[in-house]
Asks: 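Handing you a structure now.
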Amino acid sequence: PPSLSSTVAPPSLPPYFIKGSIIQLADGELKRVEDLKTEDFIQSAEISTELKIDSSTVERIEGSHTSPNFAVVQFSVGEHRAQVSVEVLVEYPFFVFGQGWSSCCPDRTTQLLELPCTKLSVGDVCISLTLKNLR
Amino acid sequence: VPVFPWHSLVPFLEPSQSG
């Protein structure tokens, strides 16, 4: 078969999802990625001058047309319920409100990153970022 | 040891403009 064209997502996972990675919160506190809680993101966004947290509800999860290693996740974002689709590696973790790290293929996430992870499902509400209104 | 900012970990999803 012909080679696949490039996809919108990076070919490998970013290093900060590996268990033990040190994350700096907006107030300067350092935490390991696996220890992050919903409140850490909320409090960091409150301090941030540019970023705010949106609630992004998973509306659909399907396999990518370009590669079996990728999935397309469709979100309903924010109060206006804007529809946004992202193509990600199946092991790419999202942070679900009140629950923690979740991915389309949690076994792979745990295997590759050692990051404790649950299965991302339709209806899950993920933390996403958007810009604060700058007027 | 590298230190990563908190906002790297969650996706930036830009909702469509309205209002």
Side-chain angles (χ1 to χ4, degrees), chain A residues 9 14-18 20-34 36 38 40-45 47-48 50-57 73-88 92-97 101 115 126-131 133, chain B:
Chain A
Y16 37 75
F17 288 127
I18 299 170
S21 294
I22 306 298
I23 310 301
Q24 185 167 39
L25 305 183
D27 64 1
E29 184 184 354
L30 300 178
K31 279 200 167 190
R32 291 188 177 87
V33 62
E34 66 271 20
L36 291 172
T38 303
D40 294 325
F41 290 102
I42 292 174
Q43 288 166 9
S44 287
I47 294 172
S48 171
E50 293 184 342
L51 299 171
K52 72 169 184 176
I53 281 180
D54 255 344
S55 300
S56 292
T57 304
V73 182
Q74 183 180 335
F75 291 101
S76 171
V77 180
E79 58 183 313
H80 299 297
R81 306 188 66 77
Q83 300 298 303
V84 178
S85 291
V86 294
E87 186 171 26
V88 293
Y92 189 96
F94 294 93
F95 200 94
V96 176
F97 274 92
W101 296 111
L115 184 70
C126 297
I127 293 177
S128 67
L129 296 173
T130 187
L131 288 177
N133 282 326
Chain B
V1 176
V3 176
F4 302 98
W6 68 275
H7 52 77
S8 300
L9 299 173
V10 281
F12 186 89
L13 299 180
E14 184 76 59
S16 60
Q17 299 297 315
S18 67

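As a basis for the values below, the full set of heavy atoms in this structure was taken, side chains included, without hydrogen atoms, waters or symmetry mates. Each chain gets a letter, A, B and so on, in the order the sequences are listed, and its residues count up from 1.
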Asks: So for A:Phe94, is it side chain, backbone, both, or neither that comes closer than 4.5 Å to the heavy atoms of chain B?
Replies: side chain

Asks: Let me confirm one number: the OG-CG distance from A:Ser76 to B:Leu13, rounded to the nearest 0.5 Å.
Replies: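 Between A:Ser76 OG and B:Leu13 CG, I get 11.0 Å after rounding to 0.5 Å.
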
Asks: Which heavy atom in B:Trp6 sits nearest to a heavy atom in A:Ala26, and how many Å separate them?
Replies: CD1-N, 3.6 Å

Asks: B:Phe12 and A:Leu51: which non-hydrogen atoms are nearest, and at how many Å?
Replies: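 Minimum heavy-atom contact is CE1-CD2, 4.1 Å.
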
Asks: Counting only heavy atoms closer than 4.5 Å, note whether A:Ser48 contacts chain B via side chain, backbone, both or neither.
Replies: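 Contact with chain B involves the side chain of A:Ser48 alone.
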
Asks: Which region of A:Phe41, side chain (C-beta onward) or backbone (N, CA, C, O), has a non-hydrogen atom less than 4.5 Å from a non-hydrogen atom of chain B, or is it both or neither?
Replies: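 For A:Phe41, the contact with chain B is made by backbone and side chain together.
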
Asks: Pick one of side chain, backbone, both or neither for B:Val3, based on which atoms fall under 4.5 Å of a heavy atom in chain A.
Replies: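 Both backbone and side chain of B:Val3 come within 4.5 Å of chain A.
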
Asks: List for me each residue that meets salt bridge (charged side-chain N to carboxylate O under 4.0 Å, His left out) alongside A:Arg32, sequence neighbours excluded, and say none if there are none.
Replies: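 With neighbours one apart ignored, the set is empty.
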
Asks: Under the salt bridge (charged side-chain N to carboxylate O under 4.0 Å, His left out) test, which residues partner A:Lys52, sequence neighbours left out?
Replies: none

Asks: State, to 0.1 Å, how close B:Pro5 and A:Ile23 come at their nearest heavy-atom pair, and which atoms those are.
Replies: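 Here B:Pro5 and A:Ile23 meet closest at C-CG2, 4.2 Å.
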
Asks: Against chain B, label A:Ser56 side chain, backbone, both or neither, depending on which of its atoms sit under 4.5 Å from a heavy atom there.
Replies: side chain

Asks: Output, in order, the C-alpha distance, side-chain angles, deciding distance and verdict of side-chain contact (heavy atoms from CB on, under 4.5 Å) for A:Leu36 and B:Leu9.
Replies: CA-CA 10 Å; A:Leu36 291 172; B:Leu9 299 173; 3.3 Å; yes

